[in-house]
> 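Got a structure for you, written out below as structure tokens; questions coming shortly.
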Amino acid sequence: MAAAFTELRMDQLPTDPLLHILSYLDFRDLMHCSFVSRRLNELSKHNPLWKCQCCKHWLLTDDDRLQSGVSWFCLFKQYYTDLGRYIQYYAVLKRAWEQLKSFLQQRCPRMIASLKEGTTEVELNDIEAQIGCKLPDDYRCSYRIHNGQKLVIPGLMGSMSLSNHYRSEVLLDVETAAGGFQQRKGMRRCLPLTFCFHTGLSQYMALEPAEGRRMFESFYPCPDQTAQDPSAIDMFITGSCFLEWFTTYVHNVVTGEYPIIRDQIFRYVHDKSCVATTGDITVSVSTSFLPELSSVHPPHFFFTYRIRIEMSSSASPEAACQLDSRYWKITTSDGNVEEVQGPGVVGEFPVMTPGKVHEYASCTTFSTSSEYMEGHYTFHRLASKEEVFHVAIPRFHMVCPPFREPVVRTQKALASYTPRFDDDDGEYCDGDGDDFDDVRGINMAALEGAWCPRHI
């Protein structure tokens, strides 16, 4: 005898199992369910379901809902009506902004005071009409949260200082950025993201794929000094889109990758493997690339490096010592090796005692896009000058960010072009160069320190 079979419809399930199933749906599917039947319409508006959606997409809290005086479902609709086009970006960018502000509030409160309130959809639409280009949604979303910062120092997007050179990049508000929108040949359809008062340096975002640039990537422009055409502008690439550019920077700040020095963010790059311990003394190195002092044509890449020397606090007082000299072995990407030695470090002969830390910065230039350095310091014990020993300096790499040539150069007969590799006379010594690929390198950073040629 055939068993009786009764069809069980989903909307006839008990409430709790149905709500459990609905909890796995995203907001779009919940809305679709509301059109299936009256019961699903009621259940799909269950407050806890929309609390999860509000927390996930808008980062809202119980306090936010209480202040609004409406249900979670209505609160979600309010935010979606205003910010719905940015729903794939909003949570990521909002969280990045909150993390950055929380971190800086304790360390750089004046930076927080320089941030501007978010702009509006109408204002962003007016900017698009003004420049004749569409702004990417991730950029618009971020500027709905904060419209950049006031034109003050220090800049939010990092600083660098040498004894006779200073850079601090402000994150431009959208109105100021629109005023600097580029239409000239070589920089067409490029919107400035940052600006430095002292150097005039800006990072730009390409709003259209023109003149060798990729759409929405960010870059530092670098004029080709060997070309007679002023539109020949090379590019040091700093990000593939605004979201990646901004969130990567925030991550480096809040994780301590970029240190805070004198209430400013300095963009070091520190490889955690660049640490060496000899006895009671540990040496670690951070490096930085300076685009404003570098060029692709001719190949001239400027790096700074910051070294931290620390004696363990558990060392005995008899271990106290003084640095006498330094030795460097420098290897460029084309295999050239150079050895350099000299007294002290940047004109100093630091004395190390238990628990003491000594930091200094120096700089170097190369005609290859990457190199590495390693070496040692020579110390003597204060208790006995006859006791001399070496302290290892770990190998550290200096690599420029990816760079790209403009179309005006790549359209020429590359086979007939021979790059110039000039050794500088004077206070700097460059390594030899090599041919360049279309895009090369990694890393971008900025550094605080003293102007110190490595041969001094």
Side-chain angles (χ1 to χ4, degrees), residues 52-61 63-64 76 79-80 82-121 123-124 135-150 152 154-159 168-174 176-177 191-195 202-205 216-219 237-260 263-270 401 442-446:
C52 294
Q53 299 296 330
C54 285
C55 293
K56 176 183 177 181
H57 294 292
W58 313 124
L59 307 185
L60 298 175
T61 65
D63 288 340
D64 295 322
F76 184 93
Y79 271 78
Y80 189 81
D82 184 29
L83 298 164
R85 69 180 289 181
Y86 311 123
I87 197 164
Q88 71 183 89
Y89 305 115
Y90 184 86
V92 175
L93 287 166
K94 179 68 172 179
R95 187 175 291 111
W97 272 112
E98 293 303 318
Q99 290 174 342
L100 183 61
K101 290 191 293 183
S102 176
F103 180 86
L104 295 179
Q105 188 63 55
Q106 303 299 321
R107 297 163 179 83
C108 307
R110 60 177 175 161
M111 275 195 196
I112 301 297
S114 74
L115 296 180
K116 303 181 76 171
E117 293 296 323
T119 187
T120 67
E121 285 296 290
E123 290 167 337
L124 288 170
L135 299 170
D137 277 351
D138 53 355
Y139 176 89
R140 289 178 62 114
C141 181
S142 182
Y143 277 72
R144 286 298 310 275
I145 300 168
H146 280 292
N147 185 16
Q149 67 175 138
K150 301 171 186 175
V152 297
L156 182 68
M157 303 309 293
S159 302
S168 189
E169 290 184 64
V170 173
L171 180 65
L172 293 175
D173 63 69
V174 69
T176 305
L191 184 77
L193 295 172
T194 68
F195 179 72
S202 285
Q203 292 186 67
Y204 286 85
M205 177 172 59
F216 301 147
E217 71 181 359
S218 56
F219 64 95
I237 310 301
T238 58
S240 60
C241 64
F242 181 87
L243 181 74
E244 185 253 351
W245 175 78
F246 183 72
T247 56
T248 299
Y249 176 77
V250 171
H251 173 79
N252 287 333
V253 173
V254 301
T255 59
E257 178 73 18
Y258 295 159
I260 306 296
D263 293 332
Q264 299 182 68
I265 302 167
F266 284 82
R267 295 198 313 231
Y268 295 103
V269 175
H270 175 65
I442 56 174
N443 262 340
M444 215 301 296

> Supply the atom-to-atom distance Phe103 CZ to Ile112 CD1, rounded to the nearest 0.5 angstrom.
10.5 Å
> Considering non-hydrogen atoms only, spot the tightest contact between Leu93 and Phe242 and give its length.
CD2-CE2, 4.5 Å
> Indicate the atoms forming the closest heavy-atom contact of Val152 with Ser114, along with that distance.
CG2-CB, 3.5 Å
> If you compare all heavy atoms of Tyr139 against all heavy atoms of Ala177, which two are closest, and at what distance to 0.1 Å?
OH-CB, 4.1 Å
> Looking only at heavy atoms, which two atoms of Pro154 and Met111 are closest? And how far apart?
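Of all heavy-atom pairs spanning Pro154 and Met111, the closest is CG-CE, 3.8 Å.
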> Using the ring of each side chain (for Trp, its six-membered ring), is Tyr258 parallel, tilted or perpendicular to Tyr249, with breaks at 30° and 60°?
tilted
> Do Gln99 side-chain atoms and Val254 backbone N/O form a donor-acceptor pair below 3.5 Å?
no
> Thr247 and Val92: side-chain contact (heavy atoms from CB on, under 4.5 Å), yes or no, with the steps?
CA-CA 8 Å; Thr247 56; Val92 175; 3.9 Å; yes
> Measure the acute angle between the ring planes of His57 and Phe76, then classify it against the limits of 30° and 60° as parallel, tilted or perpendicular.
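Plane angle over 60°, so perpendicular.
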> Ignoring hydrogens, what is the shortest heavy-atom contact between Tyr143 and Val174? Give both atom names and the distance.
CE2-N, 3.7 Å
> If we ignore hydrogens and angles and just use 3.5 Å, is the side chain of Glu244 paired with the main-chain N or O of Ser240 as donor and acceptor?
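Yes: the side chain of Glu244 pairs with the backbone of Ser240.
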> Answer whether the closest heavy-atom distance between the side chains of Leu59 and Asp64 falls below 4.5 Å.
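A side-chain contact under 4.5 Å is absent here.
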> If I take atom CZ from residue Phe195 and atom OH from residue Tyr204, how far apart are they, to the nearest 0.5 angstrom?
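Output value for this atom pair is 8.5 Å.
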> How about Ile265 and Leu104: do any of their side-chain heavy atoms sit closer than 4.5 Å?
yes
> Nearest 0.5 Å please: distance from the CD1 atom of Ile87 over to the NZ atom of Lys56.
8.5 Å
> May I have the step-by-step check of side-chain contact (heavy atoms from CB on, under 4.5 Å) for Met205 and Glu217, ending in yes or no?
CA-CA 6 Å; Met205 177 172 59; Glu217 71 181 359; over 6 Å; no
> What I'd like to find out is whether the side chain of Trp245 reaches to under 4.5 Å of the side chain of Met157, using heavy atoms alone.
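Side chain of Trp245 against side chain of Met157, heavy atoms only: contact under 4.5 Å found.
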> For a salt bridge (charged side-chain N to carboxylate O under 4.0 Å, His left out) check, start with the C-alpha distance between Asp173 and Lys150, then their side-chain angles and the critical distance, and finish with the verdict.
CA-CA 7 Å; Asp173 63 69; Lys150 301 171 186 175; over 6 Å; no
> Could you tell me which residues satisfy side-chain hydrogen bond (donor to acceptor under 3.5 Å, both in side chains) with Gln264, sequence neighbours excluded, listed by chain and number?
Ser159, Tyr166
> Answer with yes or no whether the side chains of Thr238 and Gln203 bring together a donor and an acceptor at under 3.5 Å.
yes
> Any side-chain heavy atom of Tyr79 sitting closer than 4.5 Å to one from Leu60?
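In contact.
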> Quick one: side-chain hydrogen bond (donor to acceptor under 3.5 Å, both in side chains) partners of Thr119, sequence neighbours excluded?
Glu123
> Drop me the distance from Cys241's SG to Asp137's CG, to the nearest 0.5 angstrom.
12.0 Å
> Do you know which two heavy atoms are closest between Ser202 and Thr194, and how far apart they sit?
OG-O, 2.7 Å
> Are any non-hydrogen side-chain atoms of Leu193 and Leu172 less than 4.5 angstrom apart?
no
> Does some side-chain heavy atom of Thr248 sit less than 4.5 Å from a side-chain heavy atom of Asn252?
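The answer is yes; the side chains approach within 4.5 Å.
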> Between Arg267 and Glu169, is there a salt bridge with N-O shorter than 4.0 Å?
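Between Arg267 and Glu169 there is a salt bridge, with a charged N closer than 4.0 Å to a carboxylate O.
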> Kindly say whether Glu98 contributes a backbone atom to a donor-acceptor pair with the side chain of Ser102 at under 3.5 angstrom?
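Judged by distance alone, no pair lies under 3.5 Å.
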> Judged by atom type as modelled, is there a donor-acceptor pair below 3.5 Å linking the side chain of Ser168 to the main-chain atoms of Gly155?
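Side chain of Ser168 to backbone of Gly155, a donor-acceptor pair under 3.5 Å: yes, one is there.
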> State which residues pass ring pair (Phe, Tyr, Trp, His ring centres under 6.0 Å) with Tyr89; sequence neighbours excluded, sorted by chain then number.
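Applying ring pair (Phe, Tyr, Trp, His ring centres under 6.0 Å) to Tyr89 gives none.
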> Run the side-chain hydrogen bond (donor to acceptor under 3.5 Å, both in side chains) test against Asp138 and tell me which residues pass, sequence neighbours left out.
none
> Less than 4.5 Å apart, side chain to side chain, heavy atoms only: is that true for Pro259 and Tyr268?
yes
> In Å, rounded to the nearest 0.5 Å, how long is the span from CG of Leu135 to SG of Cys141?
12.5 Å
> Can you list the residues that meet the side-chain hydrogen bond (donor to acceptor under 3.5 Å, both in side chains) rule with Tyr86, with sequence neighbours excluded?
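Once residues adjacent in sequence are excluded, the partners of Tyr86 under the side-chain hydrogen bond (donor to acceptor under 3.5 Å, both in side chains) criterion are Glu121, Arg140.
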> Can we say Arg107 and Asp263 salt-bridge, meaning some charged N sits less than 4.0 Å from an Asp/Glu carboxylate O?
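Salt bridge flag = no for Asp263 with Arg107.
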> Who pairs with His146 by side-chain contact (heavy atoms from CB on, under 4.5 Å), at least two apart in sequence or on another chain?
Trp97, Lys101, Leu115
